[in-house]
Amino acid sequence: MVQGLIDPRDTLERQNEKLLKIAATLMRRVEQDTDSSGLAYAQFERAALLEEEVRNRTRDLERTLDLLNLSNAKLAEANRETEAARANLTNAIEAVQEGFALFNAQDVLVMCNSRFGMHMPDLRDQLQPGLRFDAYVTLVSQNPALALPPGTTAADWALRRMTRHQDRSVMFNVRLHGDLWMQISEHRTPDGGTVILQTDVTDIMRLQHQERERLLDDQARLIRATLEHLNQGVCIFDTQRRLLGWNRLLGDLLAIPVGRFRLGSRFETILIRLREDFDFAGNITANEVETWAKQDGHRPALTFDIQNPAGRVLTVFMQDMPDGGFVISFTDVTQERQSARAMSEAKETLEQRVLERTLELEDALAEAERANASKSRFVAAASHDLLQPLSAAKLFVSALDGELPTGAPRDTLQKAANALDSVETLLEALLDISRLDSGRAQVHLAPVDLNHLLQQLMEEMRPMAESKGLRLRLRPTDHAVLSDITYLRRILQNLLSNALRHTQTGGVLVGARATRNGLRLEIWDTGSGIAEADQTRIFGEFQRLNATASAADGMGLGLAIVDRACALLGHPLSLRSRLGRGTVFAVDLPRAGNPQPSPPPRHAERSGEPLSKLIVLLVEADTDLREALSLTMEQWGMDVLACANPAEAQSLIDEIGLPPDVMVADIPPTECPATARAMAALQDKHAPLPLCLISAGRGPQTQAVARQLNVPLLAKPLNPEHLRRFLVAQSPRAIP
Amino acid sequence: MTTRSATAAAPVSGTPRAANPSLSSLAAASGQIVRTGFAPAHAPDAVDQLAQALHPVADLDLVVLFVSPEADVAQVIASATERFGPAQVVGCTTAGEIGATGYTDGEIIAIGLPRSHFASRILRIEDLSAYDPQAMIDAMIQNRTEMTRTHSEWAGEFALLMVDGLSMREDTLTADLAPGLGPVPLFGGSAGDGTDFASTHVLFDGNARQNAAVVVQVRSSCGIRVFNTDHLRPTQQRMVVTGANPAQRQVHEINAEPAAREYARLLGKDPEQLTSFTFAAHPVVVRIGGKHHVRAIRKVADNGDLMFFSAIDEGVVLTLAQSQDMVGHLSTALSDLTRQQTPDIILTCDCVLRRIEAQQKQLSPQISALLASHRAVGFCTYGEQVNSMHVNQTLTGVAIYPPTELTTTTAEEKAWSRA
C-alpha cells in the first residue's frame, strides 16, 4: 500500500526526508490543521462523508415536515370547521325567532342574538359578551321599557329576578310598556351555563285577554238567561250593596217597574220599597235585614217571609256571595201558604168531627152495654124466677103421677112432665147463655181427665142414640187437658146431642188426637152436613137448620152456647162438613200432662175441688199468720187445730182425744232446736204423723234440723201452693 | 467494475403518477413527454430548428440548452429566450454533446419540459465568488414549497445544476446548496469549453454568463431517478499530497516530490508525456467512508504542478484507480435504469474525461449507440455534481419515467403511512 510512496532510487536520506514530509502532511491533515484555503476540499470531504447521513436526516426531516404540514393542515381545517361551526351557531341563533343568550357557568354572557333584549333597543349596545348576568338583570330592571308591577321597585324586581335565576328551570312572563309581553325561560346547560330564551308573547297574551273577555261575555249572557229562567225574583248586590243584577220576575213580585231597577241602585232603596209595600212576617224586622246587609264578613243565610196587603206572600232568601256581595231571592209562596192554611183548617174540622163521633159512639156503646146487662139480668132473673114455679110444677106433676091410674090421663101427665123437662132444659140453656154473655162467668181451669169425662157423656147420650138407632162410639184417650170441666162438659154435651140430633142414620164417633200444641177432640157424624153458607149462622142463637125438627129437639141454643163457651175458655172451635156425608166439629184443647200421679196444677186451689178432709195441727206463734193459715187451709176443706206452741198442741190433742192427720209447725229461728225437738217428740208419740216445718230462717242450722228430722222445710214467706202440695201428698186419695 | 447509482431519488419515492387522465393521454398521443431538439451550432436558424423540434413551444415550462462552444452562445441564448418564452430557458456550454446519436460535437441540444408534466423554478447564482448562501437556501426552499402547493399531486422532484466549469467553486457551491435541497436529488454538470479550458458559460435570463451557476428545481408528474456512476476501481497504489494550493486545485508535491513527476513515476511514465488521455486512463481517487471519489487531473502545469478538476488539499491520500470495461459498465448502468420501466428520457452529464477515454480506447461508437438507444441526451462536462458533492469522471443524470397508473399513493398518504 505504501510501497509506492518512496522512490527506491532515492538515497535513504532522501527517502527519509520525503517520508517525514509525508508524515507531517498527513498529521496536519488528520489534525485538520489546514488553513482556510482548504475549505473547498473539506466541504467536499464532509459532503462525501456525511452525504448519506445528511440525506437520511433530511428525509426524516422532510417526513416530519410533511407530518407537521399535515397537522397544520388538519389544525387549519379544524380551525376552519370551528369557525364554520361558530358561524353556523351564530346564524342558527340568529335564525330563531326568540331572543337567545348564553351565559357560561360563571354567569358571564358568551353570546346572544340580535333579538335578545327585544323591546329594549337602548340595551343592545350593552349586551356584549363578557356582560355579567347580575349586571344584565340590573340593566333590564332599570330599563324604562319594563313595566314594573305595582308597588315594585327596580331593585325589588332585580332581586326577585336573581332569586328566580337560582332555580334550575325558570319560565315567567314580563310585561313591558305599550302592552307588550315577553316570556322568559331559563334553562341550565350541562356545564352549568344558562340559556335564556325570550319569546314575544304579546299576541298570545292579547288573544288570551280577548278570549277571556269573550268568555266573560258568554258567561254574563248565560247568567242573565239563567236568572231570567228562574221562577224566583233574584237580585244581586256587590260588597257596597249596589245592585249588580236582577231578573224581570223581581219587578213582578215586588210590584216595582223593571225600569226602576238601575245598575248600582242601593240596597237601602229597595228595602224602603219593601217596607212600604210589605209586612215582615215572622220574627224578623226590616231593620234586622238592613243590619244583615251592612254586616261585613261572613253572614249566615237569612230566610223570612213578607206579605203585602193583597195577601201575596214572598219567601225571601238572602245569602252571601263569595266576593263579599250577596244575593236575594224572592219566591212567591202565596199558593203554598194558602194550601197549607186550608189543610190546617180541614184537619181541625176533621178532628172535631172525630171527637164528636167518638163521644156519640161511647154513648151508644154504654147504652148497648146497659141494654145487654139489663137483658142478662132480666134473663137471669127471669130464668131464676121461672125455675122456682117450674120446680114446683114438676113436684106437683110427679106427685100427681102416683095418684093417676094408667091410661090416657097418665099419658097426658107424662107428656106434661116431658114438657116441663123441656122448659127446664130451655131455661138452663138460657141461663148459661146469659151467664156467658154477661162476662161474669167464672172459669176455673184445671187438668181434666178427658177420657173419664167422655165416658160419662157416652153413658148419658147412649139412650138417645139407641132410640134413633144410631151407633155412638168413643175412641178412648188417656190424655188430660187443661180446661174448665163444667163448661167443657157442656160444650161436649151440646156437640154430641147436636150430632145425634142431626144424624138420621149411621152414627157418631168421638175421638181425640194429639196436635202440636195439645189435643184435638173431634165429633164426627154421618148427618146431612152443613152448607158452607150456613156454617157461620148455625152458631147464632135460636138458629136451627132443619126447621122440621121438633121443638123437643132443641131450641137452637146448643151451638150458640158451644161457641160462647169455647171463646170463653180459649178453645178454638172449628167445623168441617160435606153435604150429605156428615160433619166434624173439632175443639182444640191444651194438654195438661198426666193428671193422675202429678201434683195439682198451678191454679188447682182455685179449682174449687176440695182436698181430702184432713185434720191439720198448725203450730204457729204469730197470731195473724196463724189465723190466715187456718182460714186458707179451712177453705181447702181441712179441719185445722191451731196452736201457738208445741205444748199447747199437745194439750189440745190430749183434750180432743183424737190425733191429727198432719202437723204443720213454724219454727222460730231463735228457738229452732227446742221447737224442733218438741215437734219431733209429738211426731214420735202419734207416729206415723207427717210433719212439715215452716221457717223464716234460711240458715244452715234450720236446714240441718229439717234434714235431721227428715221432714220438708217450707221457707217464709210461705207459698200456699207448696203447703197445699204437701197436704195433697198426705192425702189418702188422689185429687181427681 | 464499480457501478454507482444515485439512490437519492429511488424509484419508489419518485414513482410517476398522472396528474389527470387527459394530460396522460395527451402525453401518450405525442409519444414522448420530454421533447428534444438538435441543431448544428453554426446554423443561423438553429433556434428555429430547435423550436420546430420542440413544437409546440407554447406549452413548455422549461427549455434547457446544451450549447457547443462553437456556437455564438450569447446569440443563441438571447434568441432562444425570446423564441421559447414564456418558457424559461437555461443552459450551459459543453465539452461535447450527447445528441440523438450519442456523442457529438458542434451541436445545440434542446430539451423541452412540457407544462403538462413539469413545473420548474430557476435559482440564479450570478457571481460564484460572491453570493449569499442563506438567501440561496431560502429561495430554494420557497421555490420548492411553492411547487409543492401548486402541484401537490405530482410526486417527482429533482434539481438540475449548471455551473461554470472553470470557476473552481463547484465544491463550495454544492455544499452551500445542499441545505436548500431537502430530500430532492440534485444532479448537474460543470459547463465545458471543448477541450480548450478557456471560457465556459452558464445561460439564463437570455444571457451567457461566466463564474455563474443556475439551479433548476423541477417538479413532475413523471417518475424521477437521479443516478451517478463510474467504471473505475481503486488500486493499492497510494500517494500523499504533500504540497498544494487548494484554492487553485493545484498540487505542487506528491510524496514530497514534484507532483507531476511523482504521478508519472508511479505510473511508470515519462513526466513529460502526461496528457489528458493519461489522466483519463489513470485517474486518482480519494477514499472516504468506504467509497471512492474521482479527483480528476485536468492538466500538468508548466511548473510541473498537477491541476485538478475538483477540490484538493495537502494531506489528502490519493489512490490510483484503474478503469474497467467501459461499454459493459455503461450497458449495465443503463439496463439498471431501464429494468423496472423504460424511461421517457435520460438526461446525462458525462465527464469529458470519459469521452476522451472512450475515444482513446475507440469505444465511442459503442458508447454512443448505447446512449442513443436509451434516449440519453446531455453534454460532456468538466465535472459532475450529485447532491451535495462535486465529483469527476462519472456519468451522472436523471432518468425520467412516464407516469403510470400503477401507484395511487400520494406524498401525503405516504406521510400518513409512515406516521
Side-chain angles (χ1 to χ4, degrees), chain A residues 1-10 14-71 73-74, chain B residues 7-8 13 148 168-172 174-176 178-179 181-185 236-249 253-257 262 265-266 286 288-289 291 293 295 310-317 319-320 386-391 411-412 414-416 418-419:
Chain A
M1 184 187 276
V2 295
Q3 288 83 346
L5 288 180
I6 50 170
D7 186 349
R9 293 168 299 178
D10 286 344
R14 177 62 185 149
Q15 286 178 10
N16 189 38
E17 188 189 334
K18 281 162 74 175
L19 284 173
L20 282 173
K21 185 164 186 182
I22 290 167
T25 311
L26 287 174
M27 284 175 191
R28 268 204 314 279
R29 180 77 210 157
V30 167
E31 292 171 357
Q32 304 274 310
D33 191 18
T34 52
D35 55 20
S36 59
S37 61
L39 185 65
Y41 183 77
Q43 282 171 332
F44 160 75
E45 194 177 47
R46 199 154 52 238
L49 195 62
L50 299 177
E51 190 205 321
E52 200 62 25
E53 197 177 335
V54 166
R55 293 198 66 79
N56 287 338
R57 287 281 178 87
T58 306
R59 232 187 329 268
D60 290 344
L61 190 63
E62 182 74 2
R63 269 180 221 150
T64 310
L65 276 171
D66 280 350
L67 285 177
L68 187 63
N69 284 336
L70 201 60
S71 300
K74 287 186 182 299
Chain B
T7 56
S13 64
T148 304
M168 290 185 284
R169 303 291 298 175
E170 295 103 315
D171 300 279
T172 303
T174 52
D176 286 341
L181 285 173
V184 179
Q236 290 295 309
Q237 195 65 53
R238 305 287 206 282
M239 58 193 90
V240 178
V241 176
T242 50
N245 177 4
Q248 294 299 318
R249 298 174 174 171
E253 276 184 15
I254 294 175
N255 294 342
E257 290 285 351
E262 182 68 1
R265 182 189 71 82
L266 289 169
V286 292
I288 299 173
K291 291 179 180 173
H293 302 281
R295 305 278 90 182
S310 52
I312 198 74
D313 199 2
E314 288 182 0
V316 170
V317 176
T319 302
L320 210 54
V386 58
N387 298 329
S388 55
M389 278 190 299
H390 170 62
V391 293
E412 192 170 287
K414 273 185 284 179
W416 271 113
R418 280 196 297 267

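What's counted below: heavy atoms across the whole structure, side chains too, no hydrogens, waters or symmetry copies.
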Check step by step if side-chain contact (heavy atoms from CB on, under 4.5 Å) holds for Val241(B) and Thr25(A). CA-CA 8 Å; Val241(B) 176; Thr25(A) 311; 5.9 Å; no

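A search for side-chain hydrogen bond (donor to acceptor under 3.5 Å, both in side chains) contacts involving Asn16(A) returns nothing, not counting sequence neighbours. Every residue two or more places apart in sequence or in another chain that forms a salt bridge (charged side-chain N to carboxylate O under 4.0 Å, His left out) with Lys18(A) is listed here: Asp10(A), Glu257(B).
Only the side chain of Ala175(B) has a heavy atom closer than 4.5 Å to any heavy atom of chain A. For chain B, no part of Arg57(A) is nearby; none of its heavy atoms comes within less than 4.5 Å. Heavy atoms closer than 4.5 Å to chain B are found nowhere in Leu61(A), neither backbone nor side chain.
When side chains are defined from C-beta on, Arg295(B) counts as touching Tyr41(A), because their heavy atoms get closer than 4.5 Å. With a 4.5 Å cut-off on side-chain heavy atoms, Ile6(A) and Asn255(B) do not count as touching. Counting only heavy atoms from C-beta outward, the side chains of Phe44(A) and Thr174(B) never approach each other to under 4.5 Å.
To the nearest 0.5 angstrom, Leu20(A) atom CG is 12.0 Å from Thr242(B) atom OG1.
Looking at Arg29(A) and Glu314(B), no side-chain N of the basic residue comes within less than 4.0 Å of a carboxylate O on the acidic one, giving no salt bridge.
Chain A forms more heavy-atom pairs under 4.5 Å with one residue of Glu262(B), Met239(B), Glu253(B), His390(B) than with any other, namely Glu253(B).
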